[in-house]
A.B. asks: 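So that we are looking at the same thing, I have put the structure below in structure tokens.
Note that this is a predicted model, so its numbers are computed, not measured. The chains referred to below are lettered A, B, ... by the order of the sequence lines, with proteins before strands, and numbering in each begins at 1.
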Number of protein chains: 2
Amino acid sequence: MSRTSFQGEIPEEQIDVCPVTATQNVIAGKWKIIILWHLRETRRFGELQRLVPGVSKGILTAQLRELEKDQMVHRKVYQEVPPKVEYSLTDAGRTFMPILESMGEWGKKYDLVKKSRDEIE
Amino acid sequence: MSRTSFQGEIPEEQIDVCPVTATQNVIAGKWKIIILWHLRETRRFGELQRLVPGVSKGILTAQLRELEKDQMVHRKVYQEVPPKVEYSLTDAGRTFMPILESMGEWGKKYDLVKKSRDEIE
DNA sequence: CGGGATCCCCGCGGATACTG
DNA sequence: CAGTATCCGCGGGGATCCCG
């Protein structure tokens, strides 16, 4: 009777066995991809907020904290007044850059395709 | 009638000028990446549901519909009983495959790094 | 300047039942 | 087999206020 598993039930050991899903989990979050993108270069917090249009402080902080926890982003605090914090990519974050660049390239071409199709319709 | 000028108005499509964000919008959705991944090969609906552990029929359908709308996935219906539907990648979907493969590769290495760090702590 | 703490909302995802 | 239709809940994201 306990042999049948319900939808949504996944054996613990099989969670994240798929590398693609593991990656998905890291970049899941409305702003994470664009944040990582702008972190090609070291950025200060306020700078980052200006670069990512539409995000609020609170959410930007939250997403950065998660990226930190996932060891994608490094946070450097300068003990001075007024406060200064710099965000940069970790090693793991840097190895992800080629993917982000590919996504950028793909996004450009995808946009062109979509627009040409929209003109037809 | 008073035609409102374009001053101050931002055309919808210029909001997403950033190609990376455009890509983000396409793959946003809990299951889309792993779905696309399994669509390297043409798959039937039920097959897809077995390959993506944890997703329900309804949600799987919804995500596939969105991918269809974004011209990433093609849906082929065979008019027969019992019903048979095959999903495959469109041209746009196929051009996205290299990125998914990179994500898979990255996910493997990322997993190793995380596990080695977890052992230390 | 770079946050933390709260409150709130809505929309995504999940469960179940039904269908051609 | 491959879906719809419907209800529901939860949590991610947003707004606002406060703070060192």
A.B. asks: Please identify each residue that fulfils side-chain hydrogen bond (donor to acceptor under 3.5 Å, both in side chains) with A:R94, with sequence neighbours left out.
C.D. replies: A:D91
A.B. asks: Who pairs with B:V81 by side-chain contact (heavy atoms from CB on, under 4.5 Å), at least two apart in sequence or on another chain?
C.D. replies: none
A.B. asks: In whole angstroms, how far is the P atom of C:dA15 from the CG atom of B:L60?
C.D. replies: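 So the two atoms are 14 Å apart, to the nearest Å.
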A.B. asks: Round to the nearest Å and state the distance from A:Y78 atom OH to D:dG20 atom C1'.
C.D. replies: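 So the OH-C1' distance, A:Y78 to D:dG20, works out to 20 Å.
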A.B. asks: Check each residue of residues 44-52 of chain A for a non-hydrogen atom within less than 4.0 Å of any atom in DNA chain D, then write out the ones that pass by number, or none.
C.D. replies: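 Per residue number, the list is empty: none.
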A.B. asks: Go through the structure and list residues passing side-chain hydrogen bond (donor to acceptor under 3.5 Å, both in side chains) with A:R75, not counting sequence neighbours.
C.D. replies: A:Y87
A.B. asks: Under the side-chain hydrogen bond (donor to acceptor under 3.5 Å, both in side chains) rule, collect the residues that match up with A:E101, sequence neighbours excluded.
C.D. replies: none
A.B. asks: Quick one: A:I59 CD1 to C:dC10 P, roughly how many Å, whole number?
C.D. replies: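 So the CD1-P distance, A:I59 to C:dC10, works out to 16 Å.
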A.B. asks: Test your reading of the model: is there a side-chain donor-acceptor pair from A:T90 to the backbone of A:H74, 3.5 Å cut-off?
C.D. replies: no
A.B. asks: Could you tell me whether a side-chain N or O of A:Q24 sits under 3.5 Å from a main-chain N or O of B:I33, the two making a donor and an acceptor?
C.D. replies: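 The answer is no, because no donor-acceptor pair under 3.5 Å joins these two groups.
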A.B. asks: Once you round it to whole Å, what is the distance between P of C:dG2 and CD of A:E68?
C.D. replies: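 Those two atoms, CD and P, are 15 Å apart.
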A.B. asks: Under the rule for ring pair (Phe, Tyr, Trp, His ring centres under 6.0 Å), what residues qualify as partners of A:Y110, not counting sequence neighbours?
C.D. replies: A:W106
A.B. asks: List for me each residue that meets side-chain contact (heavy atoms from CB on, under 4.5 Å) alongside A:K108, sequence neighbours excluded, and say none if there are none.
C.D. replies: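 Residues passing side-chain contact (heavy atoms from CB on, under 4.5 Å) with A:K108: A:E105, B:P19.
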A.B. asks: Taking only heavy atoms on the protein side, list every residue of residues 79-89 of chain A lying under 4.0 Å from any atom of DNA chain C, sorted numerically.
C.D. replies: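 Result for residues 79-89 of chain A: A:P82, A:P83, A:V85, A:Y87, sorted by number.
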A.B. asks: Less than 3.5 Å apart, which donor and acceptor atoms pair up between the side chains of residues 48-62 of chain A and the rest of the protein, not counting sequence neighbours?
C.D. replies:
| residue | atom | partner | partner atom | Å |
| --- | --- | --- | --- | --- |
| A:T61 | OG1 | A:K57 | O | 2.9 |

A.B. asks: Quick one: B:R43 CZ to D:dC1 C1', roughly how many Å, whole number?
C.D. replies: 17 Å
A.B. asks: For nucleotides 4-12 of chain D, tabulate all protein N/O to nucleotide N/O atom pairs closer than 3.5 Å, reporting atom names and distance.
C.D. replies:
| residue | atom | partner | partner atom | Å |
| --- | --- | --- | --- | --- |
| D:dT4 | OP1 | B:R65 | NH2 | 3.0 |

A.B. asks: Using whole Å, report how far CH2 of A:W31 lies from P of D:dG13.
C.D. replies: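 Interatomic distance, CH2 of A:W31 to P of D:dG13: 9 Å.
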A.B. asks: Please enumerate all residues that pass salt bridge (charged side-chain N to carboxylate O under 4.0 Å, His left out) together with B:R65, with sequence neighbours excluded.
C.D. replies: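 B:R65: salt bridge (charged side-chain N to carboxylate O under 4.0 Å, His left out) contacts with B:E68.
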A.B. asks: The criterion is side-chain contact (heavy atoms from CB on, under 4.5 Å); which residues satisfy it with B:T42, sequence neighbours excluded?
C.D. replies: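 B:T42 satisfies side-chain contact (heavy atoms from CB on, under 4.5 Å) with B:E86, B:S88 once adjacent residues are dropped.
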A.B. asks: Rounded to the nearest Å, what distance is computed from the CD1 atom of residue A:I33 to the P atom of nucleotide D:dG13?
C.D. replies: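 Taking CD1 of A:I33 and P of D:dG13, I get 12 Å after rounding.
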